[in-house]
Amino acid sequence: MTIDWLYFTPWTSLAGGLLIGAAAALLILLNGRIAGISGIVGGLLRAPRADRRWRLAFLAGLLLAAPLWRGMAPLPAAHPVAGGAALVLAGLLVGFGTRLGAGCTSGHGVCGLARLSPRSLAAAVTFMLAGAVTVFVLRHLVGG
């Protein structure tokens with residue numbers, strides 16, 4: 001394994017992780033809700049009107065954060081190596097996986113593990129292993 005030092009950003013990654021953890025903690029402390037994005041988005045259509053407001057406010061903040069940050073500092077450049085069809089397929093798999101697993105990486109990985117949920121541990125271990133297997137297959141068997 002080699003580290004791509006050109007794109008290695010440990011301090012901004014650490015700061016981003018701290019902000020995600022702070023946001024999840026604030027949402028559960030102040031609102032009693034889990035900051036799982038798939039659950040927040042998935043509940044938008046079925047939730048009562050009062051429940052929709054906090055979901056929309058959270059999503060608005062999530063969507064506005066990148067443009068606001070871009071005004072203060074440059075965003076790291078994205079370097080996708082896959083084509084558009086592969087990215088759409090990957091997005092669909094993530095969407096189906098989050099519905100099947102009753103939560104996404106943020107919900108299970110950040111909030112569920114912090115709450116010592118066995119279901120979240122199983123989900124987080126599963127998606128970490130799936131990611132490792134995917135990288136191995138793409139790099140060593142397919143030759144990507």
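No path of Ile, Leu, Val, Met, Phe, Trp and Tyr side chains, each step under 4.5 Å between heavy atoms, connects Val142 with Leu93, placing them in separate hydrophobic clusters. In the hydrophobic clustering of this structure, Leu100 does not group with Val94; members are Ile, Leu, Val, Met, Phe, Trp, Tyr whose side-chain heavy atoms approach within less than 4.5 Å, directly or through other members. A single hydrophobic cluster is seen to contain both Ile37 and Leu56, as judged by linkage of ILVMFWY side chains at heavy-atom distances under 4.5 Å, directly or through other members. Hydrophobic cluster membership is shared by Leu27 and Val41, with clusters built from Ile, Leu, Val, Met, Phe, Trp and Tyr side chains linked at under 4.5 angstrom. Taken together through direct or relayed side-chain contacts under 4.5 Å among Ile, Leu, Val, Met, Phe, Trp and Tyr, Leu138 and Leu141 form part of one hydrophobic cluster.
The OG1 atom of Thr98 sits 11.0 Å away from the CZ atom of Phe127 when rounded to the nearest 0.5 Å. Summarising the geometry, atom CG belonging to Leu92 is positioned 11.0 Å from atom CG belonging to Leu87; distances are rounded to the nearest 0.5 Å.
Between Pro67 and Leu64, the shortest heavy-atom distance links the atoms CD-O, 3.2 Å. Residues Ala102 and Arg119 approach most closely at CB-NH1, 3.2 Å, considering heavy atoms. In this structure, Cys111 and Ala24 approach most closely via the heavy-atom pair SG-CB, 3.7 Å. Heavy-atom minimum distance, Arg55 versus Leu44: CB-CD2, 3.7 Å.
Of the residues Val133, Thr134, Val135, the one that meets the side chain to side chain contact (heavy atoms under 4.5 Å, CB included) test with Val137 is Val133.
Between Arg33 and Asp51, at least one side-chain N (NZ, or NE/NH1/NH2) sits under 4.0 Å from a carboxylate O, which counts as a salt bridge.
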Q: Run the numbers on Arg52 and Leu45 for side chain to side chain contact (heavy atoms under 4.5 Å, CB included), then give the verdict.
A: CA-CA 8 Å; Arg52 275 188 234 145; Leu45 298 177; over 6 Å; no
Q: Go through Leu121 and Leu113 one step at a time and tell me if the side chain to side chain contact (heavy atoms under 4.5 Å, CB included) criterion holds.
A: CA-CA 6 Å; Leu121 177 62; Leu113 290 180; 4.0 Å; yes
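Aromatic ring orientation, Phe58 versus Trp54: perpendicular (interplanar angle above 60°, classes split at 30° and 60°).
Considering only heavy atoms from C-beta on, Arg115 comes within 4.5 Å of Ile34 through its side chain.
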